[in-house]
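Worksheet for the structure shown next.
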Amino acid sequence: MLHIITNTYTVLQPLFGRPPMPTELDMGCGKGRFALDLAERFPDRLILGADVMLGRLRKVAKKADRRGLENVELLRANNLELVGYQIPDRSISRAHLLCPDPWPKDKHRNKRLATTDFFSRIARILTPGGVFHFATDHVPYFEAMQRIAEMHPAFERADDGLDDIAGIKTDFELQWEAQGKRVPHAAYRTAAGGARL
Ligand SMILES: C[S@@+](CC[C@H](N)C(=O)[O-])C[C@H]1O[C@@H](n2cnc3c(N)ncnc32)[C@H](O)[C@@H]1O
């Protein structure tokens with residue numbers, strides 16, 4: 001099901017009426033390969049796929065239907081609004097930011113999504129012990145995200161945080177790998193007692 005929540009003051013009920021289950025959020029899901037493969041591997045989890053591109057989301061919705069996936073909800077949402085106030089505290093077990101726009105030019109770098117503030121917003125929506133997973137082919141952006149995570153008081157490294165999703169790749173990741181590029185991934189977990197800043 002596709003929900004349009006851009007430029008609204010909506011606060012989601014992230015389970016969309018389902019009984020409690022682990023919920024994962026793919027921010028900027030694009031063509032949806034990662035979110036849909038995740039949903040297929042884990043039918044007992046709810047997968048939220050969010051993107052600003054409505055046309056892409058409509059295609060992802062059709063693919064989910066064709067594959068008979070009932071544990072997917074698609075959000076036309078702006079990531080900043082989504083993690084800023086549209087998703088309630090402590091409701092997401094794992095959040096993914098995969099191949100976000102890297103804004104490689106110096107003068108555009110301040111358009112990058114992953115900032116200290118963004119990490120704080122992610123910490124707010126994660127359940128205690130929840131995982132933030134990010135990846136990008138753009139090495140300087142990857143290193144910047146790692147630096148933010150290492151300095152952020154809410155997060156600690158979680159090298160085992162991705163074991164269960166080995167082999168699930170995004171469309172962009174496959175594209176970069178086909179060109180011989182490496183796409184490093186990292187995972188950080190909120191402190192088990194919960195992330196309160
Ligand atoms: C480079 S693509 C990566 C797509 C996918 N994660 C992958 O790896 O194949 C970035 C995606 O993020 C989406 N996007 C960019 N800014 C966004 C924002 N502020 N909120 C939600 N989605 C955003 C774009 O529409 C695009 O689909």
Side-chain angles (χ1 to χ4, degrees), residues 1-12 14 23-41 47-64 67 69 72-87 91-92 94-105 108-122 124-126 131-142 144-145 148 161-162 165-187:
M1 171 89 116
L2 178 50
H3 312 269
I4 298 184
I5 56 168
T6 32
N7 300 319
T8 70
Y9 197 60
T10 304
V11 177
L12 294 176
T23 303
E24 304 206 28
L25 170 66
D26 183 8
M27 293 172 286
C29 65
K31 294 181 185 169
R33 176 187 294 270
F34 179 85
L36 298 182
D37 285 356
L38 192 59
E40 192 162 273
R41 186 175 292 186
I47 311 303
L48 306 178
D51 207 286
V52 279
M53 304 280 280
L54 193 51
R56 281 190 187 165
L57 288 169
R58 289 204 170 110
K59 287 182 187 158
V60 180
K62 280 191 189 147
K63 290 182 205 167
R67 289 166 67 166
L69 298 172
V72 178
E73 299 286 349
L74 298 170
L75 311 173
R76 195 229 178 175
N78 181 314
N79 283 326
L80 270 179
E81 294 170 2
L82 197 59
V83 301
Y85 60 90
Q86 290 175 325
I87 291 186
S91 52
I92 300 295
R94 185 162 53 189
H96 309 269
L97 181 66
L98 305 175
C99 301
D101 298 323
W103 297 107
K105 289 185 184 160
H108 291 150
R109 212 162 281 164
N110 62 353
K111 293 180 190 287
R112 285 179 177 170
L113 190 61
T115 60
T116 308
D117 175 65
F118 186 73
F119 273 68
S120 295
R121 295 181 193 210
I122 295 285
R124 182 189 68 77
I125 64 168
L126 287 176
V131 168
F132 181 30
H133 166 209
F134 55 81
T136 171
D137 68 297
H138 193 267
V139 174
Y141 195 14
F142 184 74
M145 286 195 271
I148 294 171
L162 307 177
I165 53 172
I168 302 185
K169 302 198 178 217
T170 77
D171 293 283
F172 265 73
E173 185 172 12
L174 288 176
Q175 191 181 303
W176 295 132
E177 287 182 350
Q179 294 175 21
K181 281 192 180 177
R182 206 173 68 82
V183 180
H185 290 246

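Just so you know, ligand 1 is whichever comes first in the structure, and atom 1 is the first atom listed for that ligand.
- Taking Arg33 as the reference, Asp171 meet the salt bridge (Lys or Arg N to Asp or Glu O under 4.0 Å) condition, with sequence neighbours excluded.
- Ionic pairing of Asp51 and Lys31 is not present here: no N-O contact between side-chain nitrogen and carboxylate oxygen is shorter than 4.0 angstrom.
- Within 6.0 Å of NZ in Lys181 there are more than 12 heavy atoms belonging to other residues, nucleotides or ligands.
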Discussion item. Please evaluate residues Arg121 and Asp117 with respect to the criterion salt bridge (charged side-chain N to carboxylate O under 4.0 Å, His left out), reporting the C-alpha separation (whole Å), side-chain torsions for both, the decisive distance (0.1 Å), and the verdict.
Written reply: CA-CA 6 Å; Arg121 295 181 193 210; Asp117 175 65; 2.8 Å; yes

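- Counting heavy atoms from C-beta outward, Ile125 and Leu25 have side chains that approach closer than 4.5 Å.
- Listed by chain and residue number, the protein contacts of ligand 1 are Gly28, Cys29, Gly30, Asp51, Val52, Met53, Arg56, Ala77, Asn78, Asn79, Leu98, Cys99, Asp101, Thr170, Asp171, Phe172 (heavy atom within 4.0 angstrom).
- Formation of a donor-acceptor pair under 3.5 Å by the Glu81 side chain with backbone atoms of Thr6 is not found in this model.
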